[in-house]
Asks: 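Take a look at the following structure, please.
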Amino acid sequence: MPSGLGVAVIGAGMAGRAHAAAYRTASTLYSPTLPPVRLVSIGDVQPEFGSLAARRFGYERSDTSWEVIAEAEDIQVVSVVIANSQHRRVVEGLLAAGKHVLCEKPLSDTLEDSRAMSDAARGASTLARIGFTFRRAPGIAYIRELVRSGDLGKVLHFSGRYWTDYGCDPAAPMSWRFKGHPGSGALADVGSHLTYVAEFLCGDLSSVSGGRLSTAIEQRPLPLGHVVGHEHVPVSDDYEAVENDDYAAFSAEFENGVGVLEASRVSAGHANSLMFEVFCEYGAARFDQRRPAEIELFLSEGKSAQNGYRQVILGPQHPYLSGGLAMDAAGVGFGQNDTFVYQARAFLEEVAEIDETSSLPRCATFDEGVHNMEVLAAVTESALNEGTRVSL
Ligand SMILES: NC(=O)c1ccc[n+]([C@@H]2O[C@H](COP(=O)([O-])OP(=O)(O)OC[C@H]3O[C@@H](n4cnc5c(N)ncnc54)[C@H](O)[C@@H]3O)[C@@H](O)[C@H]2O)c1
């Protein structure tokens, strides 16, 4: 068997390509401690998607079935980057075959399946992790440091939105994202990110209330061909019903502070706007994914007359960036793709048993993935019961 770590990515769609690219770059960052990483296979049921991605990102081959990847002796590490409803079957199969698995968020499309996956992870001899990519955004990790160090002080309240516009156009084709139970739409797709970011800063959620789910566009045309991510492809004259939420909102009570959160796929003009402000005892901080290489910070320092944020340009003195960019000077700019690289690197380091204290924080566990699903289920329960308060 070849030496080093053999990697495969299952799913060559929007996020699968980010995983494929990330494994390619992961060993070029930080100190050269990783064993050699072999880019072995991209798996996709659409043969042309897999083979194109394999050529583009320099993988040895492509496969059309996850079972082939599960059986391959030259593969040890696998990312699962396919529709949420398919995560369980593939992840359980890979763990049973002795692969280390990094699964995309949300862990599954149902709480029940996510709990079964967590049970499978506990019984496995290999690692099972979930990405939670935005925890690795340097700006968000820096704001967390400012909260934890006491510079910002206790969190009082949080206001967060993950607004996207991929569902705005009624002609946008039907895809797996628009199918499933209430809460499996915008709430699961982008609200899953927003909720773990909120908890990263404010501590665990203790309850949610005022849940609201709504569907703005009730049917969508069927695509003529395969849809990747949020792509628009030619569509037919046949329509199917949208089954889940275009918009979700709720109030939250955290270990520290309270907040209001919104997730949407019908926010015109917002392609990918994860934005929040966190208000604390000694100041406030603001993050906006549209400008990910900076944050805005206000430290009151007891001088209440000095209102207003200042811009903080991120650089090597902030989380992830020293050695985490090929040119790691302040102000060079970076974005969401880099967070996939930090995630891939952290996962490979854990597989290689590199000491965590001298490197990156580990990826989240499946138990944390289940907790994230419990939050989504609580918001859905609140929404289906006229906004009632649901404890976690
Ligand atoms: N972390 C992030 O920022 C982020 C961003 C986007 C998507 N995601 C997550 O990634 C996952 C995939 O989302 P996407 O937008 O990339 O989806 P997508 O629809 O763009 O791509 C999915 C791909 O999987 C392939 N596929 C379907 N069934 C398969 C199977 N059984 N075996 C192998 N391939 C199969 C499809 O042909 C398609 O190419 C979802 O869980 C989503 O929530 C995460």
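Numbering of ligands and ligand atoms starts at 1, following listing order. Quick caveat: nothing in here was measured; it's all calculated off a predicted structure.
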Asks: Polar-atom distance check: P106 versus ligand 1, any N or O pair below 3.5 Å?
Replies: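 There is no such contact.
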Asks: Q46 heavy atoms, cut-off 4.0 Å: which ligand 1 atoms fall inside?
Replies: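 With Q46 as reference, the close atoms of ligand 1 come out as 37 (O).
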Asks: Which residue and atom name correspond to the protein heavy atom nearest atom 19 (O) of ligand 1, and how close is it?
Replies: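 Minimum-distance protein heavy atom for atom 19 (O) of ligand 1 reads W176 NE1, 2.9 Å.
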Asks: Does a side-chain heavy-atom distance below 4.5 Å link H19 with F340?
Replies: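 With C-beta onward as the side chain, the pair touches.
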Asks: For atom 23 (C) of ligand 1, what's the nearest protein heavy-atom neighbour? Residue, atom name and distance, please.
Replies: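 Answer, as residue, atom name and distance: D44 OD2, 3.6 Å.
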Asks: With heavy atoms only and a cut-off of under 4.0 Å, state how E231 meets ligand 1: side chain, backbone, both or neither.
Replies: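 It is neither; nothing of E231 touches ligand 1.
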Asks: Counting only nitrogen or oxygen atoms and a 3.5 angstrom limit, does W66 reach ligand 1?
Replies: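 No, no N or O pair falls under 3.5 Å.
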Asks: Should side-chain heavy atoms under 4.5 Å link Ile, Leu, Val, Met, Phe, Trp and Tyr, which residues sit in the same cluster as V227?
Replies: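 Traced through the cluster, V227 reaches V233.
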Asks: Taking distance alone, with N or O pairs closer than 3.5 Å, would you say R89 contacts ligand 1?
Replies: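 No; the residue has no nitrogen or oxygen that sits under 3.5 Å from a nitrogen or oxygen of the ligand.
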Asks: Within a distance under 4.0 Å of any heavy atom of G11, pick out the atoms of ligand 1 and give their elements.
Replies: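 In order of number, 24 (O).
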Asks: For atom 14 (P) of ligand 1, state which one of R177, E48, H230, Q343 supplies the nearest heavy atom.
Replies: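 The residue whose heavy atom sits nearest atom 14 (P) of ligand 1 is R177.
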Asks: So which heavy atom on E199 is nearest to which on L205, and how close?
Replies: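 So the two residues come closest at OE2-N, 2.7 Å.
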Asks: Is the OH atom of Y30 crowded by more than 12 outside heavy atoms at less than 6.0 Å?
Replies: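 Yes - once you tally the heavy atoms of other residues, nucleotides and ligands closer than 6.0 Å, there are more than 12.
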Asks: Under 3.5 Å, is there a donor-acceptor pair between the S184 and D109 side chains?
Replies: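 Judged by distance alone, the side chains do not pair up.
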Asks: With the threshold set at under 4.0 angstrom, would you say F340 reaches ligand 1 through any of its heavy atoms?
Replies: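 Yes; F340 lies near enough to ligand 1 that a heavy-atom distance drops under 4.0 Å.
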Asks: Establish, from distance only, whether the side-chain atoms of S206 and E253 form a donor-acceptor pair under 3.5 Å.
Replies: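 No, no side-chain donor-acceptor pair sits under 3.5 Å.
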Asks: Heavy atom to atom 35 (C) of ligand 1, shortest distance: which of D63, L107, V9, I82 holds it?
Replies: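 Residue with the shortest heavy-atom distance to the ligand atom: I82.
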Asks: Scan R290, H230, Q336 and name whichever one has a side chain to side chain donor-acceptor pair (under 3.5 Å) with N272.
Replies: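 Only one of R290, H230, Q336 forms a side chain to side chain donor-acceptor pair (under 3.5 Å) with N272, namely Q336.
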Asks: Among protein heavy atoms, which sits nearest to atom 31 (N) of ligand 1, and what does the distance come to when rounded to 0.1 Å?
Replies: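 It is Q86 OE1, 3.0 Å.
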Asks: Please determine whether a side-chain nitrogen of the Lys or Arg among D189 and R265 lies less than 4.0 Å from a carboxylate oxygen of the Asp or Glu.
Replies: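 The answer is no: the pair does not qualify as a salt bridge.
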Asks: Are a donor atom and an acceptor atom from the side chains of S267 and H270 found within less than 3.5 Å of each other?
Replies: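 There is no such pair between these side chains.
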Asks: Are the ring centres of F158 and F276 closer than 6.0 Å?
Replies: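 Yes; F276 has its ring centre under 6.0 Å from that of F158.
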Asks: Could you check atom 44 (C) of ligand 1 against the protein and tell me its nearest heavy-atom contact, residue, atom and distance included?
Replies: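 For atom 44 (C) of ligand 1, the nearest protein heavy atom is E104 OE1, 3.1 Å.
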Asks: Provide the number and element of each atom of ligand 1 under 4.0 Å from a heavy atom of F49.
Replies: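 Matching atoms, with element in brackets: 39 (O).
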Asks: Just distances here: any N/O of H87 and N/O of ligand 1 closer than 3.5 Å?
Replies: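 Yes - when backbone and side-chain N and O of H87 are compared with those of ligand 1, one distance drops under 3.5 Å.
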Asks: For atom 22 (C) of ligand 1, what's the nearest protein heavy atom and its distance?
Replies: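 In this structure, atom 22 (C) of ligand 1 has V81 O, 4.0 Å as its nearest protein heavy atom.
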Asks: Using a plain distance cutoff, I'd like to know if F134 has any nitrogen or oxygen under 3.5 Å from a nitrogen or oxygen of ligand 1.
Replies: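 N/O-N/O distance under 3.5 Å: no.
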Asks: My understanding is that only residues two or more places apart in sequence, or in another chain, count here; which of them pass side-chain contact (heavy atoms from CB on, under 4.5 Å) with D63?
Replies: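 For D63, the residues satisfying side-chain contact (heavy atoms from CB on, under 4.5 Å) (neighbours in sequence not counted) are S41, R61, V68, I69.
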Asks: In ligand 1, which numbered atoms sit nearer than 4.0 Å to a non-hydrogen atom of V228?
Replies: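 Near V228, the atoms of ligand 1 are 20 (O).
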Asks: Taking 4.0 Å as the limit for heavy-atom contacts, which would you say applies to H226 with ligand 1: side chain only, backbone only, both, or neither?
Replies: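 For H226, no heavy atom sits under 4.0 Å from ligand 1.
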Asks: What are the two closest non-hydrogen atoms of D169 and R220, and how far apart are they?
Replies: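 So the two residues come closest at O-NH1, 3.0 Å.
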Asks: Within a reach of under 6.0 Å around CD of Q317, are more than 12 heavy atoms found that belong to other residues, nucleotides or ligands?
Replies: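 Above 12, so yes.
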Asks: So is Q336 touching ligand 1 or not, going by heavy atoms under 4.0 Å?
Replies: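 It does, in that a heavy atom of Q336 comes within the 4.0 Å cut-off of ligand 1.
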Asks: As a test of understanding, state which of Y342, F200, F366, Y196 forms a ring pair (Phe, Tyr, Trp, His ring centres under 6.0 Å) with F132.
Replies: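 Of Y342, F200, F366, Y196, ring pair (Phe, Tyr, Trp, His ring centres under 6.0 Å) with F132 is met by Y196 alone.
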Asks: Heavy-atom distances under 4.0 Å are what count here, so tell me which part of T133 touches ligand 1: side chain, backbone, both or neither.
Replies: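 Within the 4.0 Å criterion, T133 contacts ligand 1 through side-chain atoms alone.
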Asks: Could you grab the distance from atom CZ of R310 to atom CD of E296, nearest 0.5 Å is fine?
Replies: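 So the CZ of R310 and the CD of E296 are separated by 11.0 Å.
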Asks: Looking at G13, which atoms of ligand 1 are within less than 4.0 Å of one of its heavy atoms?
Replies: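 In order of number, 16 (O), 20 (O), 21 (O), 23 (C), 39 (O).
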Asks: Is there a nitrogen or oxygen of G229 sitting under 3.5 Å from a nitrogen or oxygen of ligand 1?
Replies: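 Min N/O separation from ligand 1 is below 3.5 Å for G229.
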Asks: Looking at non-hydrogen atoms alone, which of A188, A12, A15 comes nearest to atom 16 (O) of ligand 1?
Replies: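 It is A15 whose heavy atom sits nearest to atom 16 (O) of ligand 1.
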Asks: Show which atoms of ligand 1 fall inside a sub-4.0 Å distance from at least one heavy-atom site of N84.
Replies: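 Every atom of ligand 1 under 4.0 Å from some heavy atom of N84: 40 (C), 41 (O), 42 (C), 43 (O).
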Asks: Given that the side chain starts at C-beta and the backbone is N, CA, C, O, which of these parts of I10 lies under 4.0 Å from ligand 1, counting heavy atoms, or is it both or neither?
Replies: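 Answer for I10: side chain.
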Asks: Compute the minimum heavy-atom distance from H193 to ligand 1 and say whether it is under 4.0 Å.
Replies: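 Contact check H193 vs ligand 1: positive.
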Asks: Look at atom 42 (C) of ligand 1 and say which protein heavy atom is nearest, naming residue and atom and giving the distance to 0.1 Å.
Replies: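 Result for atom 42 (C) of ligand 1: K105 O, 3.7 Å.
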Asks: Which is it for M14 and ligand 1 at heavy atoms under 4.0 Å: side chain, backbone, both or neither?
Replies: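 Both backbone and side chain of M14 come within 4.0 Å of ligand 1.
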Asks: Check ligand 1 against V45 and write out every atom of the ligand that is under 4.0 Å from a heavy-atom position of the residue.
Replies: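 Selected atoms, number and element: 26 (N), 27 (C), 28 (N), 29 (C), 30 (C), 31 (N), 32 (N), 33 (C), 34 (N), 35 (C), 37 (O).
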Asks: Decide whether F134 and M373 are clustered together by the hydrophobic rule: side chain heavy atoms of Ile, Leu, Val, Met, Phe, Trp, Tyr closer than 4.5 Å, transitively.
Replies: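 Per the 4.5 Å side-chain linkage, F134 and M373 are co-clustered.
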Asks: Is it true that E368 and R135 have a side-chain N and a carboxylate O under 4.0 angstrom from each other?
Replies: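 Judged by the 4.0 Å cut-off on N to carboxylate O distance, E368 and R135 do form a salt bridge.
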